[in-house]
Enquirer: 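For reference, the structure I am asking about is given below.
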Amino acid sequence: MNKQRKSALSRRQFLQVAGSTAVALSLPGILSACRPSSASGALKIGVLLPYSGIYAVLGESITQGMQLYFEALGNEIAGRPIELITEDSKINPDVAQQKVRKLVEQDEVAFVTGIVSSGVLAGLRDYFHDNQVLCLCSNAGSNAHSRAAKTPYIWRTSFTNWMAPHAMGTWAAQNVGRTAVISVPDYAAGENNVTSFTHSFTAAGGEVVAVQRTPFPNMGDPAPFMAELSATGADLIYAFYSGSAAVTFVKAYHDFGLAQQIPLTGAGFIVEEDVLPEQGAAAQGVKSTLFWSYVLDNPQNAQFKTDFHAFAGRDADVFAVQGYDTACVIDEMLKRTEGDTAVGQLIAALDGIQFDSPRGPFRLDAHSQAPEHNMYARDVQPVDGVLRNVILENLGPIVDPGDDSMG
Ligand code: BEZ
């Protein structure tokens, strides 16, 4: 798999790690969780993702990225066959609640992965915590779950929503302009983007002059929102949208003539590979920050892109990378526990997992329970006749601060 992984811990090392983590977490009972666990037989993994609605394409890519990685392992880890049980959470916390109960209580999965929307993660947080079920979240970036609402049972293999807007706030103030208007969908992830961008943009000498919140999940007619942005006279727009909402926003931005008027910047999801073909020329020139780009030049990314295309019949996107990295974390975690799925052992095994991902160096940070990885400033430009996010600058490693001190 072209990966440099840490060698599996010896049994003695593992017990030392498990013991110290249990003390550090001050969680009596965590290592004696009463959920059934085993070290043999099929390894059932619950995959809770949106396969319908505005984030359907994200769910599909995350699933295929995971499947690609597991297929290369012969669908087996530590001698146990892997069984992925997928459920459509939509973008609805109530539906997700029913589906997670089915996965855990009927299917008896060893742990759960997936979850795209921060609203869904917030709705499931207490279920994971109270029932001592491990969730390896492969997208939803809500800052709170690395901070005030943190629980040892939720770890992110994706990002936190603080990261992309934090990087763009500084970069935009230095490279694009001094006054900004923010446009986001009206839910937790949008709010995270407002707070984080405002903090770093202001710290770098900029001023946020207005914030626009659009209906979530469906924006409806974008015309009034475009008229509002056009009237602000700001130096730049910062926007967070993903999936089909990103297509709607970027196309409308172009069609209403704003692309000629005010530079558009955003968290990289707004012009990611999942939406770029549909956005076409409307996306050209959009600047964004993200932890991966299709054109990122490293051996892991080159191999991943080739393998993903052969597997899925289409180009990879960042969500496929997230699925692939999630599977890599699961692989390493279960090697460290020698296939045992007792929740305390799984949690202890996560601390410090690191490998070379298609996104560059990846390390799970035990404080924020989310990855440390590089951020890249990107610009949509044609490469060999295809629109790609060309890398303008490697902004270096970023890790969530684990509190609200920086937005
Ligand atoms: C979120 O809800 O946290 C989210 C959704 C789509 C892309 C990125 C973040």
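First listed ligand is number 1; within each ligand, the first listed atom is number 1.
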Enquirer: Does the gap between the ring centers of Tyr324 and Phe311 come in under 6.0 Å?
Expert: no

Enquirer: Classify the side-chain pair Asp400/Ser146 by whether it contains a donor and acceptor separated by less than 3.5 Å.
Expert: no

Enquirer: Run through ligand 1 for me and note each protein residue having a heavy atom under 4.0 Å from it, chain first, then residue number.
Expert: Tyr55, Leu58, Val116, Ser117, Ser118, Asn139, Ala140, Gly141, Phe159, Asn161, Tyr187, Ala189, Phe240, Ser242, Phe269

Enquirer: Does a donor on one side chain and an acceptor on the other come within less than 3.5 Å for Tyr241 and Ser183?
Expert: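 A pair is found: one side chain offers a donor N or O, the other an acceptor, under 3.5 Å apart.
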
Enquirer: Suppose we screen for side-chain hydrogen bond (donor to acceptor under 3.5 Å, both in side chains). Which residues come up paired with Thr86, at least two apart in sequence or across chains?
Expert: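 Partners of Thr86 by the side-chain hydrogen bond (donor to acceptor under 3.5 Å, both in side chains) criterion come out as none, since no residue qualifies.
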
Enquirer: Return the minimal non-hydrogen interatomic distance between Phe291 and Tyr376, and the atom names on each side.
Expert: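 The pair with the smallest heavy-atom distance is O-CE1, 3.3 Å.
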
Enquirer: Is it true that a side-chain atom of Gln97 and a backbone atom of Gly123 form a donor plus acceptor pair closer than 3.5 Å?
Expert: yes

